[in-house]
Student: 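I am attaching a structure below and will ask some questions about it afterwards.
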Amino acid sequence: MKSQDVRKQFLDFFKSNGHLIVPSAPIVLKDDPTLMFNNSGMAQFKEYFLGNGTPKSKRIADTQKCLRVSGKHNDLEDVGFDTYHHTMFEMLGNWSFGDYFKKEAINWAWQLLTEVYKIPKENLYVSVFEGSKEDNVPFDQEAWDIWKTLIDEDRIILGNKKDNFWEMGDQGPCGPCSEIHVDLRPEAEKALVSGKSLVNNDHPQVVEIWNNVFMEFNRKADGSLEKLPAQHVDTGMGFERLCMALQGKTSNYDTDVFTPLIEKVEQITGLKYTSDEVKNISEEQNKTNIAIRVVVDHVRAVAFAIADGQLPSNTGAGYVIRRILRRAIRYGFTFLGTKEPFINKLVEVLANQMGEFFPEIKSQQQLVTNVIREEEASFLRTLDQGLQLLDNVIAQTKGSEVSGAKVFELYDTFGFPKDLTALILKEKGFSYNEEEFEVELQKQKTRSRAASEVSTEDWTVLIPGNVETFVGYDKTENEVKITRIRKVDSKKDGILYQIVLDNTPFYPEGGGQVGDKGTLVSANETIEIIDTKKENNLILHFAKQLPENIEAGFTAKVNNDLRSSTSKNHSATHLMHLALRNLLGTHVEQKGSLVNPNYLRFDFSHFSKVSEDELRQVEASVNAQIEAQLQLTEHRNIPIKEALDKGAMALFGEKYGDNVRMIEFGESKELCGGIHVKNTAEIWHFKIISEGAVAAGIRRIEAITGDAVKDFYQNQENTLAEIKETLKNPQDILKSVASLQDDNAKLKKQVEQLLKEKVGALKSELEKDFQEVNGVNFLAKQVDLSMASTKDLASALGSSKADSFVFLASVEDGLPNIHCYIAKDLVAGKSLNANAVIKELGKYIEGNGGGQPFFASGKGKNTAGIAEALVHAVDFVK
C-alpha cells in the first residue's frame, strides 16, 4: 500500500465516523510562547483541552507535521542510528473534546488496524496503565476490560507511568494512555522470543505505532492531579511507522516515504544505500547508511520549517533549524564525500512527493532550495575554517591528546562537530580529552537552562467559566474585572504576574506586532501593564505587581501614544507589501515582520538586491497611498474563502480559522488581526531606512513613519548644519565638499608616491642584509610600514634574489602582521610552504593567516611576539 493511500484511508475512516478533517497546522509555532514547534498532533488543540476555546467540532481528525528536536521531546541524536526515530514526522490523530471516550477510541483503533489496514491480530500487542500510588490513580480497569473483548489477554501489557501516562508538560492536561505495538520480526525470530518481552525495549522491529491518550486530569504546579471538567481523547499514530508495517518493511527508510529521497542521494554521491533487510554489512557501509538516513530525514524537517516561515538563524527556532541542517551537511561531508552543496537538490523530490497533501512545500520550493543551498555553502566554509583552526590546535599540543576545552571551543564558537574533530584527530594520530569536553558542555547547558528557567504557579480563578473578549479594535479604554491570575518566576525577567481580564482593550503580541502596554486603574491604585501576550487562547497582561484588591473594578487603559505609533507602522507595512508586489512582481511574499512603536521591519521573498531607484519608487508609492487618504475597510468575521476570493493575501506559515479578519486600504487587502489606522493620512509620511539580505532569496526592509520620520529629517538637518559650520558656512556646500574630496585625492597620491619611494629605499637597503643559509637567500626583518606596504616590500625583495626566503613583520594600528615570500623553485625543490610558515610563526603573535605555498600573510594580537617569530623564521631553512 502506497503511503498516500495509507494517509487517505486513515482520514476517510474517521470522516465516516463523524470526524471533521482539518489541515495540518504549521510546523513552526509563531504565537505560542511555550513551544517553538508543533511537537505532537495535539499541540494545535491545547486551548480546547484547557477549556479556553470551543472547537469547530467535538470530533476532529488530521495528519499533523511534527518536529521533535528540543526540550522534553528530543529525538535528534537518535536519528540516523536507528530506523524509526525522525526529526520531522507525521502524526495521524483523532480527537474527542468531551464527546466519546475509551470504548469508542479503542474499538475504532482496532477496527482500522485489523479490518481496514488488515494488520494480522497476532502481530499486535497493547498496553494499559498499571496505576500510580504516587498520583493516587488506579489501574485502568476500564481499558483492560475493553481490550479483553478484542485481543487475547496474554497480549495485553501493564505499562508504568513513564510509558502509559501521557502529560502535555510539567503542568496541564494529562491522563492514562493505551499504546498499540506491532511486531514486524520474521516468524523464526517470533518463535524464539516473544514479542511481549520486547515491547518498549527499543527493538527496531517491535515498535509502538499508536497511542490512545485518555485525558481526564490536570497536573497542578505542586504536582498533584485534579479531575478535568470533561473527558477527552487524544490519539497519535506515527505515519512513517505505520507505512513500514503496511508495506512489509523492517525500517521506515525502506518505505516509499523515504526511498525517492534516498535514490536522489545515491544519484548525487555515487554511493549505495543498503536496505535494513541486508545483514552483516561492513562498518564502512553502515556509516554510509547512517549518513544517508540523516540527510533524507533532516531535509524534510528543514524544508517544511522554511516553507512555514522559519529561516535558519543564530537564535531560537531558527538556531534549531540551522543545527539540524548542519548535522546533515556534516554527515554528508564526513561520510558521503560531499564537499559542495547538495542537500538543496533534494527539495524538488520532496515537493513532488508531498506537494499534493502539503501544498506549501510546492509553492515555496524555489525559496526553500535557495535558502538551503546558501546555508550549505556557508557551513562548508565554516568547516574549512575549522580544519585550519584544528591544525593550529594540533600544532600547539604537546603529546597526542588535545585539550577537550579547545575542542569545545571549536564546537561552541565555530559550530565544528566534536565527532568530526575526533575523526580528523584520529587520522593524524591524536585524540582529545572527552571528559574535559563534557565538563565544558555541561557548563554551557547549565548556563542556558538557568537563563531560560521559568517557574509557573497554578491559575487562581476569580470568575469561573468566564470567557474573555477582546475589544481593542474599538476601544483603548474599558471597564474590566480580573478573572484569573498567576505568578511566574524566571531567571530572565524575575517575578511577574499574569492577569486575565473579562474584556480587554490590550492587543496581545502576534502577527509581528508587539503587545500593548498601559495601566489598570482602580479607585485606589494604578498597576502598570508592561506587556501583553496570548497563550492557549488567553490574553495575558504582564505586571510586576498585583493590585491590593484583585476583586475590585478597574479601568484598563492602553498607552495611546505607543498604540498610535505601532498602528501607523503596521498599516504602512501593508501599503509597502502592495508596493513591492506591484513593482517587483507577485513572487514577493511576506516572510516575517516586526511592528513596534519605533519602526517596522519587513522580510520578503526576492532574489536580488532592491536598487536605490526601486526603493525610491516603493517610498513614492506608499506615500502616494498615504496622501490619497485611504479609509480603512475592515471585515471582522468574514469566511476565509470569501476573503481570498476578494483578493486578500494569506501568508504561508500562518494558522487561519474558517472565519478571518480582512484589512483593506484601497488595493491593499490582507488577512490580519493587528491594529491599524482608520485612514492612511494618519501615517503622515513613510521613509525607508535600510534594505539588505537576510538569507538566500530573502530581503529585509526597515522603515519609519509619523513622528519618527520628523525626527529623522530633523537629525538630517542638524547634521547638515554641523557640516556647514565645520566647512565655515560656504555658499555652496556641495561645491565645498567636492573641493575637499579633490584635495584629499591629491594628498593620497602624494602619500602613495612617498610610500613607494620609502619601500624602494628600504628594498635597496634590505637587499644588503640577505644571508645565505643552507643554499637559501634568507631575510627576516621588522619594518616600519603599513600592512599593505609590508606585503608589497616582501614580494619585491623576494623577486630580487634567486632562491629567496623573505619573512617581514610590521605593526599597524597597534596590531602585528607578518608576511612570507618563498621562491617557487624552493617550494618545489625543498618542500617549503609559506602557508605553513605563517601558521607556525603566527603562534608567537597570537594570530593566524594563510595564503599560497609561495606567498602568505597573517595578523595577530601580540606585538611583543614579533621578535621571537623573527628569530625562529630561520628554522625553516636550516
Student: Any side-chain donor paired with an acceptor under 3.5 Å for Q366 and N370?
Tutor: yes
Student: What I want to check is whether the side chains of N123 and K190 have a donor and an acceptor closer together than 3.5 Å.
Tutor: yes
Student: Can you find a heavy atom in the side chain of P176 that is under 4.5 Å from one in the side chain of F217?
Tutor: yes
Student: Does some side-chain heavy atom of C174 sit less than 4.5 Å from a side-chain heavy atom of L225?
Tutor: yes
Student: Taking K15's backbone N and O only, do any of them form a donor-acceptor pair with D12's side chain (distance below 3.5 Å, no angle check)?
Tutor: no
Student: Tell me if the centroids of the rings in H86 and Y253 come within less than 6.0 Å of each other.
Tutor: yes
Student: Should the ring pair Y48 and F97 be called parallel, tilted or perpendicular, given that the plane angle runs from 0 to 90° and is split at 30 and 60?
Tutor: perpendicular
Student: So, R300 and E240, do they make that salt bridge, N to O below 4.0 Å?
Tutor: yes
Student: Salt bridge check: are E438 and K418 linked by an N-O gap of less than 4.0 Å?
Tutor: yes
Student: Any side-chain heavy-atom pair from F304 and L350 closer than 4.5 angstrom?
Tutor: yes
Student: Does F342 reach the side chain of V295, with side-chain heavy atoms less than 4.5 Å apart?
Tutor: yes
Student: Rounded to the nearest 0.5 Å, what's the gap from CG on D308 to CZ on F358? Could you check?
Tutor: 10.0 Å
Student: Any side-chain heavy atom of W147 within less than 4.5 Å of one from I106?
Tutor: yes
Student: Assess whether a salt bridge exists between R59 and E104, defined as any Lys/Arg side-chain N lying under 4.0 Å from an Asp/Glu carboxylate O.
Tutor: no
Student: Using the rule side-chain hydrogen bond (donor to acceptor under 3.5 Å, both in side chains), only one of R293, R326, R327 pairs with H298; which is it?
Tutor: R327
Student: Side-chain donor-acceptor pair under 3.5 Å between N107 and Q111, yes or no?
Tutor: no
Student: Between Y125 and H181, is the ring centre distance below 6.0 Å?
Tutor: no
Student: List the steps and the verdict of side chain to side chain donor-acceptor pair (under 3.5 Å) for N17 and W108.
Tutor: CA-CA 9 Å; N17 283 291; W108 279 331; 3.1 Å; yes
Student: Just by distance, no angles: are the side chains of Q64 and Q44 close enough, under 3.5 Å, to form a donor-acceptor pair?
Tutor: yes
Student: For S127 and N164, which I'm curious about, is there any donor-acceptor pair between the side chains at under 3.5 Å?
Tutor: yes
Student: For V302 and I321, which heavy atoms make the closest approach, and how far apart are they?
Tutor: CG2-O, 3.9 Å
Student: Report the distance from atom NZ of K8 to atom CE of M1, rounding to the nearest 0.5 Å.
Tutor: 11.5 Å
Student: K362 and N352: side-chain donor and acceptor closer than 3.5 Å?
Tutor: yes
Student: Decide, yes or no, whether a salt bridge links D170 with R219 under the criterion of side-chain N to carboxylate O below 4.0 Å.
Tutor: no
Student: For Y331 and T338, run side chain to side chain contact (heavy atoms under 4.5 Å, CB included): C-alpha distance rounded to whole Å, both residues' side-chain angles, the deciding distance at 0.1 Å, then the answer.
Tutor: CA-CA 9 Å; Y331 269 88; T338 51; over 6 Å; no
Student: What are the two closest heavy atoms between L184 and T250, and how far apart are they?
Tutor: O-CG2, 4.0 Å
Student: For the residue pair V296 and I262, what are the closest heavy atoms and their distance?
Tutor: CG1-N, 3.8 Å
Student: What's the separation between atom CH2 in W210 and atom CD in E179, rounded to the nearest 0.5 Å?
Tutor: 13.5 Å
Student: List the steps and the verdict of side chain to side chain donor-acceptor pair (under 3.5 Å) for K591 and Q310.
Tutor: CA-CA 8 Å; K591 294 298 172 188; Q310 182 56 65; over 6 Å; no
Student: Can K345 and Q267 be counted as having a side-chain donor-acceptor contact under 3.5 angstrom?
Tutor: no
Student: Looking at side-chain heavy atoms only, is the closest gap between W110 and L124 below 4.5 Å?
Tutor: yes
Student: Are the charged groups of D183 and K196 less than 4.0 angstrom apart, N to O?
Tutor: no
Student: Kindly state whether the ring of H19 and the ring of Y100 have centres lying under 6.0 angstrom apart.
Tutor: yes
Student: Roughly how far, to the nearest 0.5 Å, is CD of E130 from CG of L158?
Tutor: 6.0 Å
Student: Counting distance only, does the side-chain N/O of Y117 pair as donor-acceptor with the main-chain N or O of V6 below 3.5 Å?
Tutor: yes
Student: Taking NZ, NE, NH1 and NH2 as the nitrogens, is one of them in D135 or K161 under 4.0 Å from a carboxylate oxygen of the other?
Tutor: yes
Student: I need the S282 OG to K287 NZ distance, nearest 0.5 Å.
Tutor: 9.5 Å
Student: In plain terms, say whether E142 and K103 are close enough for a salt bridge, that is, a side-chain N and a carboxylate O under 4.0 Å apart.
Tutor: no
Student: Does the salt bridge (Lys or Arg N to Asp or Glu O under 4.0 Å) test come out yes or no for E360 and K65, once each step is laid out?
Tutor: CA-CA 12 Å; E360 63 272 22; K65 299 175 294 184; 2.5 Å; yes
Student: Less than 4.0 Å between a side-chain N and a carboxylate O, is that true for E375 and R322?
Tutor: yes
Student: Classify the side-chain pair T274/Q285 by whether it contains a donor and acceptor separated by less than 3.5 Å.
Tutor: yes
Student: Start with the C-alpha gap between H232 and F45, add the side-chain angles, then the distance that decides, and say whether ring pair (Phe, Tyr, Trp, His ring centres under 6.0 Å) holds.
Tutor: CA-CA 11 Å; H232 311 290; F45 305 119; over 10 Å; no
Student: Does either side chain, that of S3 or that of D256, offer a donor lying less than 3.5 Å from an acceptor on the other one?
Tutor: yes
Student: Under the criterion ring pair (Phe, Tyr, Trp, His ring centres under 6.0 Å), I'd like the reasoning laid out for F139 against F129: C-alpha separation, chi angles, the key distance, then a yes or no.
Tutor: CA-CA 6 Å; F139 157 64; F129 184 46; 9.0 Å; no
Student: Take T235 and N212 through the test side chain to side chain donor-acceptor pair (under 3.5 Å) and record every step on the way to the result.
Tutor: CA-CA 4 Å; T235 86; N212 287 265; 4.8 Å; no
Student: State, with a plain yes or no, whether a side-chain heavy atom of L380 is found less than 4.5 Å away from one of P341.
Tutor: yes
Student: Could you check if a side-chain atom of M215 sits within less than 4.5 angstrom of a side-chain atom of W166, using non-hydrogen atoms only?
Tutor: yes
Student: Name the one of L367, I329, L346, N344 that satisfies side-chain contact (heavy atoms from CB on, under 4.5 Å) with I372?
Tutor: N344
Student: Just verifying a value: how many Å separate R7 CZ and C243 SG, rounded to the nearest 0.5 Å?
Tutor: 7.5 Å
Student: Test ring pair (Phe, Tyr, Trp, His ring centres under 6.0 Å) on F89 and F239; report intermediate values, then the result.
Tutor: CA-CA 7 Å; F89 58 95; F239 173 68; over 10 Å; no
